There are 4 protein chains.
Amino acid sequence: MRKKEGNKEVAILDSAIKVFAEYGYHKSKIYKIAELANVATGSVYVYYDDKEAILRKIFDQLWDRLYLQLKSVHENEHLTSIEKIDALIDILFDIFLENSALALVFVNEQFQLIQKAPEKFTDSYNKFLDLGEHIVQEGIDTKLFNPKIDVKIIRSFIFGGLRHLLHQWAHEPALYPLHTIRQNVKFITKNGLLK
Amino acid sequence: MRKKEGNKEVAILDSAIKVFAEYGYHKSKIYKIAELANVATGSVYVYYDDKEAILRKIFDQLWDRLYLQLKSVHENEHLTSIEKIDALIDILFDIFLENSALALVFVNEQFQLIQKAPEKFTDSYNKFLDLGEHIVQEGIDTKLFNPKIDVKIIRSFIFGGLRHLLHQWAHEPALYPLHTIRQNVKFITKNGLLK
Amino acid sequence: MRKKEGNKEVAILDSAIKVFAEYGYHKSKIYKIAELANVATGSVYVYYDDKEAILRKIFDQLWDRLYLQLKSVHENEHLTSIEKIDALIDILFDIFLENSALALVFVNEQFQLIQKAPEKFTDSYNKFLDLGEHIVQEGIDTKLFNPKIDVKIIRSFIFGGLRHLLHQWAHEPALYPLHTIRQNVKFITKNGLLK
Amino acid sequence: MRKKEGNKEVAILDSAIKVFAEYGYHKSKIYKIAELANVATGSVYVYYDDKEAILRKIFDQLWDRLYLQLKSVHENEHLTSIEKIDALIDILFDIFLENSALALVFVNEQFQLIQKAPEKFTDSYNKFLDLGEHIVQEGIDTKLFNPKIDVKIIRSFIFGGLRHLLHQWAHEPALYPLHTIRQNVKFITKNGLLK
DNA sequence: GATGAATGAGTGTTCATTCAT
DNA sequence: TATGAATGAACACTCATTCAT
């Protein structure tokens, strides 16, 4: 009996990220993904129900990782709210620095997927956002951040700003060193949040 | 939508915005657009070369309008840099307040389109961004804004933040009144830019 | 504007009968049907929703014709029950004599189709059977036929016998002249029904 | 169905009959058959060359049994031709009474299979038909049956009638008790054959 | 210009069959 | 024998685009 190596499942996912990044979800062909993963077309369907399931899995994994990292930051009692916001930004930058194709997929496809069936979207995503919101609220409560701001709106604003920058960077990494982007984001964010 | 006698071209474009907003570009069918515009499928091709040309036209018009408005703001010598940034934000909010379907299309499809062939993307878009950048630079030069910031990065950050907020609003207008979003954005932006 | 010629719809149906007869429904390919009808594959879907709709249409037309003919026979008051049974047999033989491919499709595919969703099967089929049953009952009531027989069972028996013979004939027309088959069927049927 | 230890071959065949009966041959999946037989998909191919071989085996066994029974009837010198015809009908009814799924498979799939390669179809089938024909001929020779009838045609007619009734019964056993069907068939058959 | 019937290239998915273990 | 992961050929159906009228 042949055993599932488990490698194929991962290989398919990695290939999918690359193919989705290059062509966009809709123009990505299953046979391209299979080809790049060195498996047969049909094998894709051994591990994933359909094309969308692959995309969904990509985001599941992504947000699981991001949430766990942010959670560990948040549970560190030695950090101020400011330092936690700093860490949040670092977490996002680091994961995409590691895999720029993933950044492209994230920016280009998450909206469409989440819009289709928000309730089916990975729970870690909402947990991540909630935690981010919580951190901002903590900053307000501890008089570090300006009470005038609406946490949900600011959360979205920062998130969107980061998303856009990461997209540009993923698309043209040479244009700006990531650390410069990072510094600027931290600067504007903090100075905007501090009283 | 009622057929606009003698102006099928506009009717098609308006219908396309609605259909693209509802289904996303890739899942939008030409016959749906034609139907909503009360014209025959074939008529779409009388006015537009292909499906992508419709999308391109939507962005052309959008950025033309935005650029012209920002230009007029910028040419007003009575405004400070801060007031110009305020006006920039207002311009963006107002146009999407007027047409939320357009906001959705903008947020969901611009990336994909611009990525495909950046050089073919409407020139007004770049002009708009350059002008925004210019305004920020002016603020730095006049000692209003912090010189530490990189104008291009900050420009993208704010732009992305706005984009994301508009998307959320377009998708669920009831969640937040646009004016609250607007206030918050202005607040964080200004406090982040000012020394 | 191109006008639907109406010929294509018929051409596709005729081709489908031939292709279904030769390969069986499941092994028949849409492109084969289109090819034989001298139309493009896509044109098949201009006229029919899907593959099954073609098969369904074939039976709709078949049973509509058969029912109308039997109805006209039944309404002829000069005929005895025996003569009506004779006519019923003739009707079936004649229609398949005219189109032997249709006979094959009928024999091979009707069961599967009717089994899938009996309630969606053409109404004319049930009307035809009911009328056949009615004629037999009339024969019993007028003391021509044996009262011991159960009309529904006998109806099915004769129907199945005819079906099988027609199938054999359609498959190997040379084996038996249709008129010999017809005579024998009439003979056994009548002698079985008469007291 | 419970796994029959040491007799996977039989378990697969029994499962196949049920699955073919429920879904029809073409829509039956090998993995469904394997699942029902409590064996792995691959095991099916240990015992059968391919999907069609399973169907072929079902008919082989069926006709072997039927032929052997009819042969034994025919060799009984105490029976008249009429009694032999009676017995023939009983044989058919009894085997399907015992296994109604088999009846469905027989009715739905035999045509397609036999049509594809008549020469490869089980020999017992032809032997059975020939013996049936022989019995009718005997009846004619012994002046019991009407000499006008063509034995081959009548054989097919009766066979088809039975087939159709069995199909209806297998599909809706509650509609008619099998013994009523049996009586009616015997009645019409005999009265049609006797002078 | 306007129409909508006609086109046919293109692809996600299925599933019978194979084969390494 | 037995397994079930892996395969890849096959196909129904879609829909952007064309073009005869």
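What you see is a predicted model, and the numbers here were worked out from it, not measured in a lab. The chains referred to below are lettered A, B, ... by the order of the sequence lines, with proteins before strands, and numbering in each begins at 1.
Looking at DNA chain F, the stems built from 3 or more consecutive Watson-Crick or G-U wobble pairs, each pair with its key distances under 3.5 Å, are E:2-21 with F:2-21.
Note: A:H26 and B:H26 have parallel aromatic rings, judged against thresholds of 30 and 60 degrees for the angle between ring planes.
Residues D:I54 and D:I30 have side chains in contact (heavy-atom distance under 4.5 Å, counting atoms from C-beta outward). Looking only at side-chain heavy atoms (C-beta outward), B:W63 and B:I58 stay at 4.5 Å or farther from each other. The side-chain heavy atoms of C:T122 and C:R56, taken from C-beta on, include no pair separated by under 4.5 Å.
Sorted by first and then second residue, the salt bridge (Lys or Arg N to Asp or Glu O under 4.0 Å) pairs with a member in residues 11-24 of chain C form an empty list; sequence neighbours excluded. Each side chain to side chain donor-acceptor pair (under 3.5 Å) pair with one or both residues in residues 40-49 of chain B, not counting sequence neighbours, would appear here, but there are none. Applying the salt bridge (Lys or Arg N to Asp or Glu O under 4.0 Å) definition to pairs two or more places apart or across chains, those involving residues 106-116 of chain C are C:E52-C:K116.
No engagement by C:Y48 is indicated, since no non-hydrogen atom pair under 4.0 Å with the nucleic acid exists.
In this structure, CD1 on A:I114 lies 6.5 Å from CG on A:N126, to the nearest 0.5 angstrom. Atom-to-atom distance recorded for D:I12:CD1 and D:I33:CD1 is 9.0 Å, nearest 0.5 angstrom. Note that the CD atom of C:Q112 and the CD atom of D:Q112 stand 6.0 Å from one another [nearest 0.5 Å].
Non-hydrogen atoms lying under 4.0 Å from DNA chain E are contributed by A:K51, all within residues 51-60 of chain A. Shown for residues 15-37 of chain C: residues whose heavy atoms fall under 4.0 angstrom of DNA chain F, namely C:S28, C:K29, C:I30.
Position along DNA chain E of the nearest nucleotide to B:A40 versus D:Y45 favours B:A40 as the more 5'-ward residue. Map D:D50 and B:V44 each onto its nearest nucleotide of DNA chain E; the residue landing nearer the 5' end is B:V44. Position along DNA chain F of the nearest nucleotide to B:D49 versus A:S43 favours A:S43 as the more 5'-ward residue.
Side-chain proximity of B:Y47 to the nucleotides E:dG1, E:dG4, F:dA5 is greatest for E:dG1.
Spacing between atom CD of B:E9 and atom C1' of E:dA2 amounts to 15 Å, rounded to whole angstrom units. Distance, B:I12 CD1 to E:dG1 P: 11 Å, rounded to whole Å.
The ring pair (Phe, Tyr, Trp, His ring centres under 6.0 Å) test with C:F20 is passed by exactly one of C:F59, C:F106, C:Y25: C:Y25.
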